[in-house]
Amino acid sequence: MTSEYDPKAIEPKWERFWAEHKFFEVTHQSDKPKYYVLEMLPYPSGALHMGHVRNYSIGDAVARYRWMNGFNVLHPIGWDSFGLPAENAAILHKKHPQEWTSANIAQMRAQCKRFGFSYDWTREISSCDPAYYRWNQWFFLQMLKRGLAYRKKSRVNWCRACQTVLANEQVVDGCCWRHEDTPVEQRELPQWFLKITAYADELLADTAALLRGWPERVLTMQRNWIGKSEGTRLKWPVQGTDLTIETFTTRLDTIYGAVALVLAPEHPAVEQLLHGLPGGASIRMGVERLRQQTIRAQVTGGVEKEGLFIGRFVLNPFSGESLPVWVSNFVLMEYGTGAVMSVPAHDQRDFEFAKKYRLPLKVVIQPPDRILSAELLRQAYTDPGRLVNSGPYNGLTSEEAIAKMTRDAAQKGFGEATTLFRIKDWGISRQRYWGTPIPVVYCDTCGVVPVPENQLPVILPAKVEITGMGESPLAQVPEFLHTTCPVCAGPARRETDTMDTFVDSSWYFYRYTDPHTETSPINPEATRYWFPIDQYIGGIEHAILHLIYSRFFTKVMRDLGLVSFNEPVKRLFTQGMVIKDGAKMSKSKGNIVEPDDMVERYGADTTRLYVLFAAPPEKDLDWSEAGVEGCHRFLNRLYRIVAKHAESLRSVRSIGTTRADGNPAADIATGVNALERQLLRKTHQTIRRVTHDFETRWHMNTAIAGIMELVNELYAVESSEEEISPPVLKEVLETTALLLSPYAPHIAEELWEMLGHEPGLLRVPWPRAQAEYAQEEEYEIVIQVNGRVRGRLTVTEDLSEDELRERALADTRIAELVRPGRIAKTVVVPKKLINIVLAS
RNA sequence: GCUGGAGUGGCGGAACUGGCAGACGCGCCGGACUCAAAAUCCGGUGGGGCUUACCACCCCGUGAGGGUUCGACUCCCUCCUCCAGCACCA
């Protein structure tokens, strides 16, 4: 044993120890309460970055804390190993994606082990493993059987840089989520979709009902994303034709104020409406121009509202009034029916449109507190009110009118109540190689034929040329492409698209409960034991995509009879980003701090401690090298003081006040002196503080600050020249090691051993704070006069208000300020302060 | 524009339920140790004033302004700034 802290020697030693003793391996056959803590599946991009380290350090602290509190802890890790970067790397380095991916996984696995994260490595999974992705295919087939997977030709988002289709969720500000400067284009392609909309209502409802342990902001984002709105679908007959146009509105009460019907430029009815109309050709050109604008607007966001009248009229089904039909770039084909009624007096967009094109304004809703007139309106009145100028509905409130008018419309057959969602079905087809093959074949005779389950997995062929251009590389592999039809045995072609990798990560956490099951995607018994996930930890960037897809998958699995609950994740924690020099760490900004460098220079414990200490985990963390050194100094300081006493304390038995099964007879009043009492008090207070933090809000920065205070106290005692009895000193030192162990496990294990204990802290019970020891013996009472601090008072017990006032007035300064008889009242906060309020 | 979050020393941050603003760490200043330096240990460190005096005492101070309260970083109102998400959703 040296007296200098040497993480390079200590850390690998304990990592070997943990591995040799299978410390992190668990089974579901256990009498202990279970705890499933999960960090988000990483993409094996090459090496861990600080965001990973932060994520895993938080999760590891929680896992270790639960272990020490007697839980059977499932803490797994794996790899989200399909995806585009592997193909790009393949093109760049002329290396097979598999090779590149495997090398990255090997490196990142070694890094995780070097950080001492408590993963059960026997459960490691990798989504590019056929043993894993066969179940993606299996899920797809189940969904296909139930109509939850379907194929349709659709306008899709296409990224020129990725050469593939993007889900709506992958479009950020009109650009690709990966290529922020590449505008997304629209193309028509046949695509496979998963019917997430079938669960839209339930996904929405459960955000309120079942996700109490989720951050409010994530729930809000999901609710907005699902975007439910209840309204009415209406049919408008087109004059002079037998066509009708459908609109959707949430404000049926305003329909007597409609002055026009406005269509999206892409609306399929436009062509029919123009048919045989004089001047149709020039209108057609105008519409085409608007259509181009709409596409551009989706890319750049926001253009001026523009429109044109296309020479047709519709009849308002309620009033029978004839209204002009317009086409405008502000109406979206993707939402609702692609057509809206325009009510300028009561909708701001319609108001602006009407002002520009001099359409009339008709006020049909009056607010409770004033009278609106069309001439004086400066903006639309969009709140509810009472109906006017609305025929038989005059006098009704908006709410009453919507109900009654919807009923009437349904009765007369020109409308019905409709619930609309913003969320779209999930397009999962990708024209890429490195993903799960979609298990269907196309037969000229039989059409689209699912691959039979007993032929799974459809293996991704190893030999393939990846150019990054054109259609899926799989189409260039004849051995893969050409197959026989499972139904008629005739020649058939395989689907050459692969699945969105978000499919892989939608259910991976089930696989961890038994990754070796071969007959089913999940082991029901193990799933029953481990689920739900008690704590999920990851970045806010997955608030919508991954977390909503995962919830969808669980609901599908429930309906397949695989699980018996509705939501997979009980509590979710979203960590902040790691920032340096004011920006997120990234290669392009050149502000990356490599975890390996930090381990090399300071050790894993210092790095872990720093990422937890520098900021509360949910907030962004500003990287500071000086801060890392501070943490390193702290560990050194702790190591030194333990090393100094270790030899003499090895065979000493600690006083036992922190052990639940310890020595309760240790007498605080007589057995220990004042200094020892003070030290024990700080120790118990620190246990209480750290424990409370783990149980509530995870502000690990302050918990660690508490441990630092305890160590500072030890040093203060050290320099006081007074003797601390060995059993007390030992208890304080070993408690410090235990409290630190979730954050900095290697050094904690080393200190524990130096103090003469059997190693293996995960098996040591978490220390227990006892109120009698944590209790302060005296209190400093703040004396305020009119709310300002004017003095202090030290008391040893809870005094009554009168006694306290008397003691306060005994202070000469206070007596000076407080003339007799001027006291209006006194306010007392027990054990804290007294405020003497003077009459003015 | 809407929704959510934030704004506190030179810096990261603390103050949990309305009760001493600035814990802990960094940085800085001073001292000890040393031939010297590093490391380490000890002390100081929001701003201003008063004072022979860092014994004390007084004033100001948590983005700005107002309010509630004996008392406000904390609650309420108005506004400003920053971050994130959504954004012509009918």
Salt bridge (charged side-chain N to carboxylate O under 4.0 Å, His left out) filter on A:Glu416, not counting sequence neighbours, yields none
Contacts of A:Arg807 meeting salt bridge (charged side-chain N to carboxylate O under 4.0 Å, His left out) (sequence neighbours excluded), chain-then-number -> none
Residues pairing under salt bridge (Lys or Arg N to Asp or Glu O under 4.0 Å) where one sits in residues 693-704 of chain A, two or more places apart or in two chains, turn out to be A:Arg66-A:Glu695
Applied to residues 253-263 of chain A, the salt bridge (Lys or Arg N to Asp or Glu O under 4.0 Å) test, sequence neighbours excluded, yields A:Arg251-A:Asp253
With sequence neighbours left out, what residues match [X] under side-chain contact (heavy atoms from CB on, under 4.5 Å)?
| X | result |
| --- | --- |
| A:Arg681 | A:Arg677, A:Gln678, A:Gln685, A:Glu776, A:Glu777 |
| A:Met577 | A:Ile579, A:Lys584, A:Asp620 |
| A:Leu833 | A:Val782, A:Gln784, A:Val829 |
| A:Leu361 | A:Pro344, A:Phe351, A:Ala354, A:Ala374, A:Leu377 |

Select base, sugar-phosphate, or nothing to describe what [X] touches, counting heavy atoms under 4.0 Å on all strands.
| X | answer |
| --- | --- |
| A:Glu780 | base |
| A:Thr220 | sugar-phosphate |
| A:Arg217 | sugar-phosphate |

Give each protein N/O atom lying under 3.5 Å from an N/O atom of nucleotides 53-60 of chain B, with the pair distance.
unit_1 : atom_1 : unit_2   : atom_2 : d
B:rC57 : OP1    : A:Arg813 : NH1    : 3.4
B:rC57 : O3'    : A:Arg813 : NH2    : 3.3
B:rC58 : OP1    : A:Arg790 : NH1    : 2.7
B:rC58 : OP1    : A:Arg813 : NH2    : 2.4
B:rC59 : OP1    : A:Arg790 : NH2    : 3.4
B:rC59 : OP2    : A:Arg790 : NH1    : 3.4
B:rC60 : OP2    : A:Arg788 : NH1    : 3.3
B:rC60 : OP2    : A:Arg788 : NH2    : 2.9

With sugar-phosphate taken as primed atoms, P, OP1 and OP2 and all else as base, the protein-contact string of nucleotides 68-78 of chain B at under 4.0 Å (heavy atoms; B, S, -) is --B--------
Protein-proximity profile, nucleotides 37-46 of chain B, B/S/- by nucleotide at the 4.0 Å heavy-atom cutoff, equals ---SSS----
B:rA90, OP1 or OP2 - any side-chain N/O from A:Ser229 closer than 4.0 Å?
yes
- Task: For B:rC89, take OP1 and OP2 only and decide whether either is under 4.0 Å from a side-chain N or O of A:Arg349.
- Result: yes
message: Whether the side chain of A:Arg792 and the base of B:rC20 hold a donor-acceptor pair under 3.5 Å is what I'd like checked.
response: yes
In whole angstroms, the gap separating C1' of B:rG12 from CZ of A:Arg54 amounts to 12 Å
Between A:Glu216 and A:Arg223 (salt bridge meaning N to carboxylate O under 4.0 Å), is one present in this structure?
yes
A correct dot-bracket answer for RNA chain B, with pairs being Watson-Crick or G-U at under 3.5 Å, [ ] for crossing pairs and | for inter-strand pairs, is (((((((..(((......[....)))((((((.......))))))((((.......))))..(((((..]....))))))))))))....
